[in-house]
Amino acid sequence: MRLSTFFLPTLKETPTEAQIVSHRLMLRAGMIRQTSAGIYAWLPLGHRVLKKIEQIVREEQDAAGAQELLMPTIQSAELWKESGRYDDYGKEMLRITDRHDREMLFGPTNEEMITDIFRAFVKSYRQLPLNLYHIQWKFRDEIRPRFGVMRGREFLMKDAYSFDIDAASARRSYQKMFLAYLRTFARMGLKAIPMRADTGPIGGDLSHEFIILAETGESGVFCHKDWLTLDVLQNAPGFDEDLQPFFDTYTSIYAATDEKHEPGNCPVPEADLVSARGIEVGHIFNFGTKYSKPMNAVVAGPGGEPVPVEMGSYGIGVSRLMGAIIEASHDDNGIIWPDAVAPFNVGLVNLKVGDAETDRVCQELYYKLRANGLEVLYDDRDERPGVKFADMDLIGLPWQLVVGPRGLKNGVVELKRRATGEKQELSVESALEKLSA
RNA sequence: CGGGGCGUAGCGCAGUCUGGUCAGCGCGCCAGUUUUGGGUACUGGAGGCCCCCGGUUCGAAUCCGGGCGCCCCGACCA
């Protein structure tokens, strides 16, 4: 993509409404545009990152054996009356009526709908276990949306739902998602700590929140200091192996949100306890038959008897993750994208547009890098070098490849790693080689 | 939902108390000159229902009434 034609409205100054760093940087980097409280349009740069995050989530869900489908955002109130949540959900649920005065709602989550789909088609324990997920926009009419996309009213969420014949099988489904979540966040360069959490209005008895430690987080959290240095995937098993030992290991190291933490009754000595703030990027629940019973999601068991299925639900805040990643990875100059979610791999900077040799080398690099499978943002604008460097740092692409007449005179271009600031001068060939490795 | 703040050009703001001389500044944008390896300098230019509605007044961005929107703190919440 050529920056001269790419829609990238970067800002020098920060809009006043943005208080936390991820929100400020997303606005300044031209990634989002607020349209009303807690509702955002995703501009091309932000959209690219959103798609990257979504794709990683999808790949790990698929790897764990979940199957993707897509449910509608507008739901009928009837299913919610059946489960009893139509009244429970309160004002956070956006309710609407259609032209025939039918009660509808913009879905805040999909337990009811997936249960309805399940019960329509699944009749035997032999069709279990089953895990279905989708990645879809949700709406929750938050009392107070804030922090940009971190607590939006409309947000993109991956929600998966598992169905099992009994509690033991449900536990295994839960453990698969537990592992998938650790893998997902690790791929994005994040350390997400699974913490015992309240199940909240959704109900159930087994629940973990996946928390990124960050000062701007909304939740107070407590964990053993070992978490700070732990590599969660060090001894990770495959999805088909016995997950119990792995699960036991990582749930035995203390970590809890403040709702679950009891200061007087904490197994961790005070010296080893870290008190921090965190951003919840995922939440997994096992809630047994909370929905299957009232909604009559029943299958035939091995003896032919009707068995209400054991269910779990598993959420990842896809749009929130973007904010969380920026909170975890930025500096004074801007965003530092982890490679896996960067909107482009390389920013190619032409320091002197119009200089024949510089243009030629840039052109060559632009084509060859892309031919090698890299996504390249080529800054071919007629701007001063300072502007280009500042914008490049702001949008945070992992690599900057800087080409100018001064270097070319000595046969070199400059390759800069955004994360470390480390720069090296290389020949065009070795720069290509290094980036394509 | 309690408390606080804000709404003037794309962004950041001044002006409001004390009504007229008030449509302003910086950045950005357009044209030109200049400069050329970390947001260059200069000249010229475009761009505004001063959030909306009503009132007071000879006269309202400014005063009064009523709305709407946005942000922050708290409580609440995946």
Side-chain angles (χ1 to χ4, degrees), chain A residues 9-20 23-24 27-28 30 33-40 88-93 107-111 138-148 150-160 195 197-204 207-211 216 218-219 257-259 278-285 287 313-321 324 332-334 349-355 358 379 381-394 400 402-410 412-414 416 421 423 425:
Chain A
T10 59
L11 304 174
K12 259 178 149 172
E13 285 168 295
T14 307
T16 31
E17 75 265 17
Q19 294 299 313
I20 67 168
H23 190 194
R24 282 202 289 262
L27 290 169
R28 285 195 51 212
R33 159 89 175 171
Q34 181 171 343
T35 61
S36 55
I39 303 180
Y40 294 84
D88 292 352
Y89 227 96
K91 296 184 103 170
E92 204 171 297
M93 184 153 76
T109 178
N110 285 61
E111 278 84 2
K138 301 293 187 291
F139 193 92
R140 294 185 191 172
D141 202 358
E142 297 281 349
I143 298 171
R144 187 179 161 218
R146 64 181 118 179
F147 300 152
M150 301 277 274
R151 179 166 293 281
R153 292 195 295 168
E154 184 174 314
F155 58 100
L156 189 61
M157 172 168 154
K158 185 282 300 180
D159 41 322
M195 304 201 178
D198 255 351
T199 50
I202 206 161
S207 172
H208 285 88
E209 288 183 13
F210 288 77
I211 302 271
T216 47
E218 290 188 274
S219 324
T257 61
D258 50 11
E259 292 99 0
I279 300 166
E280 180 190 345
V281 291
H283 200 158
I284 60 179
F285 301 87
F287 45 70
S313 78
Y314 314 88
I316 289 180
V318 174
S319 46
R320 175 182 286 182
L321 264 170
D332 290 345
N333 295 327
V349 179
N350 183 330
L351 286 181
K352 191 163 186 178
V353 171
D355 177 78
T358 308
D379 191 348
R381 295 174 302 171
D382 185 15
E383 288 287 351
R384 293 185 45 86
V387 173
K388 298 190 173 196
F389 289 131
D391 274 344
M392 216 34 103
D393 282 350
L394 175 63
Q400 298 173 12
V402 180
V403 181
R406 190 183 292 180
L408 289 179
K409 216 178 295 172
N410 304 315
V412 296
V413 295
E414 182 184 282
K416 175 178 158 183
K423 301 172 189 170
E425 298 202 323

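Reckoned from all heavy atoms, side chains included, excluding hydrogens, waters and symmetry mates. Chain identifiers are assigned alphabetically (A, B, ...) following the order of the sequence lines, protein sequences preceding nucleic acid strands; residue numbering begins at 1 within each chain. Computed from a predicted structure; not experimentally measured.
Residues A:T257 and A:E209 have side chains that never bring a donor and an acceptor to within less than 3.5 angstrom of each other.
Nucleic acid contact class of A:K158 (heavy atoms, under 4.0 Å, all strands): none. In this structure, A:A37 reaches the sugar-phosphate backbone alone: every heavy-atom distance under 4.0 Å involves primed, P, OP1 or OP2 atoms, never a base. At a threshold of 4.0 angstrom between heavy atoms, the contacts of A:G404 include nucleobase atoms, whether or not backbone atoms are also involved. A:D159 comes within 4.0 angstrom of nothing in the nucleic acid, heavy atoms only. Note on A:G282: nothing from the nucleic acid sits closer than 4.0 angstrom, heavy atoms only.
For A:Q34, a side-chain nitrogen or oxygen approaches OP1 or OP2 of B:C71 to under 4.0 Å. At the phosphate of B:G39, neither OP1 nor OP2 sits under 4.0 Å from any side-chain N or O atom of A:R384.
Taking only side-chain atoms of A:R28, from C-beta outward, the nucleotide of B:G37, B:G39, B:C72 with the closest atom is B:G39. Out of B:G37, B:G74, B:A78, the shortest distance to the side chain of A:R140 is found at B:A78. Relative to the side chain of A:F389, the nucleotides B:G39, B:G38, B:C77 differ in distance, and B:G38 lies closest. Considering only side-chain atoms of A:F285, the nucleotide from B:C72, B:A78, B:C29 that sits closest is B:A78.
Between A:D355 and A:R406 there is no salt bridge, since no side-chain N of the basic residue sits under 4.0 Å from a carboxylate O of the acidic one.
Across the C1' atoms, B:G4 and B:G12 are found 22 Å apart, a figure rounded to whole Å. Nucleotides B:G2 and B:C25 place their P atoms 42 Å apart, quoted to the nearest Å. To the nearest whole angstrom, the two C1' atoms, one in B:G66 and one in B:C73, are 27 Å apart. Rounded to a whole angstrom, the distance from the P atom of B:U18 to that of B:G74 is 35 Å. As rounded to the nearest Å, B:G44 and B:C58 have P atoms that lie 42 Å from one another. Comparing B:G69 with B:C30, their P atoms sit 35 Å apart, to the nearest whole Å. Between B:U21 and B:A60, the two C1' atoms lie 15 Å apart (nearest whole Å). Only the P atoms considered, B:U16 is 27 Å distant from B:C71, to the nearest whole Å.
Following rounding to the nearest Å, A:K12 (NZ) and B:G38 (P) show an atom-to-atom distance of 15 Å. Straight-line distance from the CD atom of A:E414 to the P atom of B:G38: 11 Å, rounded to whole Å. Distance A:I39 CD1 to B:G69 P: 12 Å, rounded to the nearest Å. Taking atom CG on A:D382 and atom C1' on B:C30, their separation rounds to 14 Å, with Å as the unit. In this structure, A:H23 places its NE2 atom 13 Å from P of B:C70, rounding to the nearest Å. Taking atom CZ of A:R24 as the reference point, atom P of B:G12 lies 13 Å away to the nearest angstrom. For the pair A:Y40 OH and B:C70 P, the interatomic distance rounds to 10 Å; values are reported in whole Å. The interatomic distance linking A:D332 (CG) with B:G39 (P) rounds to 16 Å, in whole Å.
Look at B:C17: it lacks any Watson-Crick or wobble partner with both distances under 3.5 angstrom. With a 3.5 Å ceiling on both atom-pair distances, the Watson-Crick or G-U wobble partner of B:C68 is B:G7. The nucleotide B:G2 finds its pairing partner in B:C73, both defining distances of the Watson-Crick or G-U wobble pair being shorter than 3.5 Å. With a 3.5 Å ceiling on both atom-pair distances, B:G28 lacks any Watson-Crick or G-U wobble partner.
Counting heavy atoms from C-beta outward, A:K138 and A:N110 have side chains that approach closer than 4.5 Å. Here the side chains of A:I39 and A:F139 are in contact, with some heavy-atom distance below 4.5 Å. Using a 4.5 Å heavy-atom threshold, the side chains of A:R381 and A:V387 count as touching. The side-chain heavy atoms of A:T358 and A:L351, taken from C-beta on, include no pair separated by under 4.5 Å.
Taking the six-membered ring for Trp and thresholds of 30 and 60 degrees, A:H283 and A:F285 have nearly parallel ring planes, at less than 30 degrees apart.
Residues A:R151 and A:R144 approach most closely at CD-O, 3.9 Å, considering heavy atoms. Listed here is the closest heavy atom pair of A:V281 and A:A324: CG1-CB, 3.8 Å.
Projected onto RNA chain B by closest heavy-atom contact, A:E142 and A:L394 fall at different nucleotides, the more 5' of which corresponds to A:L394. Residue order along RNA chain B, read from the 5' end via each residue's closest nucleotide, puts A:R406 first among A:R151 and A:R406.
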Is there any protein nitrogen or oxygen under 3.5 Å from a nitrogen or oxygen in nucleotides 2-11 of chain B, and what are the pairs?
unit_1, atom_1, unit_2, atom_2, d
B:C11, O2, A:E13, OE1, 3.3

Quiz prompt | Steps toward side chain to side chain contact (heavy atoms under 4.5 Å, CB included) verdict (A:E154, A:S319) | solution = CA-CA 9 Å; A:E154 184 174 314; A:S319 46; over 6 Å; no
